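Here's the structure we're looking at; comments come further down.
Source: prediction; values computed, not measured. First the proteins, then the strands, lettered A, B, ... as listed; each starts at 1.
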Amino acid sequence: MLDIKILRENRKLVEEALAKRGSSLPLKNFYEKDEQRLDLLRKVEDLKHKRNMISKDIGVKKAQSEDASVLLQEVKSIGLEIDEYHKTLGVLEEELNSFVLTIPNIPHSSVVYGRTSEDNPVVKTWGQKKEFSFTPYVHDELALSLDIIDFEKGAKIATSGFSLSRGPGALLERALINFFLDVHTKEQGYTEVCIPFMVNGASMTGTGQLPKFKEDLFKIEGEDLYLIPTSEVPVTNIHAQEILEKASLPRYYTAYSPCFRKEAGSYGKDTKGLIRQHQFNKVEIVKLVEPQSSYDELESLLLDAEVLLQRLGLHYRVVNLCSGDLGFSAAKTYDIEVWLPGQNEYREISSCSNFEDFQARRAGIKYRPSKGEKPAFVHTLNGSGLAVGRTIVAILENYQQDDQSVVIPDALRPYMNGVTLLKPVQK
RNA sequence: GGAGAGGUGGCCGAGAGGCUGAAGGCAACCGCCUGCUAAGCGGUUUUCGUCGAAAGGCGAACGUGAGUUCGAAUCUCACCCUCUCCGCCA
């Protein structure tokens, strides 16, 4: 959520930001209503002040058993007036609030103008594309040959868009989760948290999934509960409605969770394989930091995610999302795109964002800059470290051999119970 | 699921229609005092909104929302949450 004061005082900035994102919102309407609201508010507060004064007098008179009937008359009519204004004010406030919740964040100055993912500038590259003496297979074919992932069973148990992993495949999943968490907690200073996989509507609003992206969430029928689309939601909301000690910042958290997404807007995209599923595992890293350091923290958060791919020996590039590709809540996002030789393209495997105070304002996460000073909003950041399903895709496609066997990367071996090679299974 | 108790400031805890943003204590901070420390004495310390250049003024907040009343932390209703006991259960 944007600061309503910035909206008021810096209309041009907001309009330019919206235009850069390629979205337009009826701001004119907002300004008119906001003015009306302030007008009414002042009136109501004046009247309340009057009423408070007279009420006090009534109390005094009654205590001295004097006649207060004149004052009672007067205050009663003030009350009626307040009621009337109050009603309109309530309606206005609700309209304005729900509108402000639908305005996206203002892109950071380092975000370039662009319309689609085609326009995202590449900011760095690590490693290089692996050469194969044969035409590399796509991961879903490999997974079938290795018998480690079963899409049909997933569809049978749930519906299409779900899968299950089996044997060394399930082990690989668990190994990656542990490897990621170990690096984050032992080497990078993150505190591991094990969080609820469902959250309430307030939490979803806090991080920006609601109200705009309802159609992408799985909701529990009859409850104010949603399956989380990423552990960013429960983790960022750990400190919702709190004022944190400055000394406790920055706070680094990491969490594993399954993620549930309807992918409502992506029907027909990536229908085969593990790339786009309704449920996938992910390890997330989250930071709550002081505003002045948040862009440095974004760079280091990005590195914390990159290291994982480097250890796994997977070639990737990093892109800086252009204005048109930027997510609703983010001010700046780096996507890490891993090379997939089977598909012959780069695919997003991690998304690292600085939300500045956008989420903090929605969720009410503050800190005290110094003694006696007013509380200020923290900046929140998060990134995948990493998406497990897509990492499996990358390992299968990059470490495949001509007989369709797949070599387990060295970094994962300590977690693989002695398994060093996945072999095709005769059926 | 059944029965009961309860939700007040950073924490503990009083208040049971008006002078209560809230006694008292703890904690923190600032003075004073004191070989050091501790103790003691005096003072300060919630948040949001609004007006203001600022000082400050005003409005709001005692789980949430609605109601009664001139006036609600205090009365009424609904909801949420926490705890205890019983049942069930990983």
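B:C30 and B:G35 have their C1' atoms separated by 24 Å, with the value rounded to a whole Å. A distance of about 30 Å separates the P atoms of B:U82 and B:A16, rounded to the whole Å. Taking atom P in both B:U74 and B:A66, the straight-line distance is 14 Å, to the nearest Å. With both ends at atom P, the span from B:C85 to B:A27 equals 33 Å, rounded to whole Å. Comparing the C1' positions of B:C33 and B:G40 gives a spacing of 8 Å, expressed to the nearest Å. Separating the C1' atom of B:G42 from that of B:C19 is a span of 26 Å, rounded to the nearest Å. Of the P atoms belonging to B:G25 and B:C41, the separation is 10 Å, rounded to the nearest Å. The gap from the C1' atom of B:C81 to that of B:G24 amounts to 28 Å, rounded to the nearest Å.
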Verdict with reasoning, A:Tyr253 to A:Tyr190, per ring pair (Phe, Tyr, Trp, His ring centres under 6.0 Å): CA-CA 5 Å; A:Tyr253 290 112; A:Tyr190 292 83; 9.1 Å; no

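Listed by chain and number, the residues in a side-chain hydrogen bond (donor to acceptor under 3.5 Å, both in side chains) with A:Tyr85 amount to none (sequence neighbours excluded). Under the rule for a ring pair (Phe, Tyr, Trp, His ring centres under 6.0 Å), A:Tyr399 has no partner lying at least two apart in sequence or in another chain. Applying the side-chain hydrogen bond (donor to acceptor under 3.5 Å, both in side chains) rule to A:Glu348 yields no partners; only residues at least two apart in sequence or on another chain are considered. Considering only residues two or more places apart in sequence or on other chains, A:Phe30 meets the ring pair (Phe, Tyr, Trp, His ring centres under 6.0 Å) condition with A:Phe99. Residues passing the side-chain hydrogen bond (donor to acceptor under 3.5 Å, both in side chains) test with A:Gln343, sequence neighbours excluded: A:His139, A:Glu397.
The ring of A:Tyr295 has its center closer than 6.0 angstrom to the ring center of A:His108. Between A:Phe260 and A:Tyr226, the ring centre distance reaches or exceeds 6.0 Å.
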Hey, can you pull the donor-acceptor pairs under 3.5 Å for the side chains in residues 218-225 of chain A, sequence neighbours left out?
from: A:Lys219; atom 1: NZ; to: A:Glu223; atom 2: O; distance (Å): 2.5
from: A:Asp224; atom 1: OD1; to: A:Gly201; atom 2: N; distance (Å): 3.1

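Screening residues 246-258 of chain A for salt bridge (charged side-chain N to carboxylate O under 4.0 Å, His left out), with sequence neighbours left out, gives A:Lys246-A:Glu290. Within the structure, side chain to side chain donor-acceptor pair (under 3.5 Å) pairs that include any residue of residues 359-369 of chain A comprise A:Glu232-A:Gln359, A:Asp357-A:Arg361, A:Gln359-A:Thr380 (at least two apart or interchain).
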How would you summarise protein contacts on nucleotides 62-68 of chain B per nucleotide, using B for base, S for sugar-phosphate only and - for none, with heavy-atom distances below 4.0 Å? -------

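In RNA chain B, stems built from 3 or more consecutive Watson-Crick or G-U wobble pairs, each with both distances under 3.5 Å, span B:1-7 with B:80-86, B:10-12 with B:24-26, B:27-32 with B:40-45, B:46-51 with B:56-61, B:63-67 with B:75-79.
Straight-line distance from the CG atom of A:Asn200 to the C1' atom of B:C81: 12 Å, rounded to whole Å. Rounded to whole Å, atom P of B:G49 lies 15 Å from atom CG of A:Leu96. The CG-P distance, from A:Leu80 to B:G71, rounds to 10 Å in whole Å. Rounded to an integer number of Å, the gap from A:Ile78 CD1 to B:U69 C1' is 15 Å. Between the C1' atom of B:C70 and the CG atom of A:Leu71 lies a distance of 9 Å, rounded to the nearest Å. As a whole-Å value, the separation of A:Lys246 NZ from B:G10 C1' is 19 Å. Taking atom CG on A:Asp39 and atom C1' on B:U50, their separation rounds to 13 Å, with Å as the unit. Rounded to an integer number of Å, the gap from A:Gln241 CD to B:G10 C1' is 17 Å.
A donor-acceptor contact closer than 3.5 angstrom links the side chains of A:Lys287 and A:Ser300. Checked by atom type, the side-chain pair A:Ser203/A:Asn200 shows a donor-acceptor distance below 3.5 Å. Under 3.5 Å, the side chains of A:Ser163 and A:Gln277 contain a donor-acceptor pair of N or O atoms.
Across the interface with RNA chain B, nearest-nucleotide mapping of A:Leu72 and A:Lys56 shows A:Lys56 to be the residue nearer the 5′ end.
Here A:Ile54 lies out of heavy-atom contact (under 4.0 Å) with every strand. Here A:Lys5 lies in heavy-atom contact (under 4.0 Å) with sugar-phosphate atoms only.
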What protein N or O atoms touch nucleotides 46-48 of chain B N or O atoms at under 3.5 angstrom, if any, and at what distances?
from: B:U47; atom 1: OP1; to: A:Arg368; atom 2: NH1; distance (Å): 2.7
from: B:U47; atom 1: OP1; to: A:Arg368; atom 2: NH2; distance (Å): 2.8
from: B:C48; atom 1: OP1; to: A:Lys366; atom 2: NZ; distance (Å): 2.5

Output a table of nitrogen or oxygen pairs between the protein and nucleotides 51-61 of chain B separated by less than 3.5 Å.
from: B:C51; atom 1: OP1; to: A:Arg42; atom 2: NH2; distance (Å): 2.9
from: B:C58; atom 1: O3'; to: A:His49; atom 2: ND1; distance (Å): 2.7
from: B:G59; atom 1: OP1; to: A:His49; atom 2: ND1; distance (Å): 3.1
from: B:G59; atom 1: OP1; to: A:Asn52; atom 2: ND2; distance (Å): 3.0
from: B:A60; atom 1: OP2; to: A:Asn52; atom 2: ND2; distance (Å): 3.3

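Within a 6.0 Å radius of CD in A:Glu94, other residues, nucleotides and ligands contribute 12 heavy atoms or fewer.
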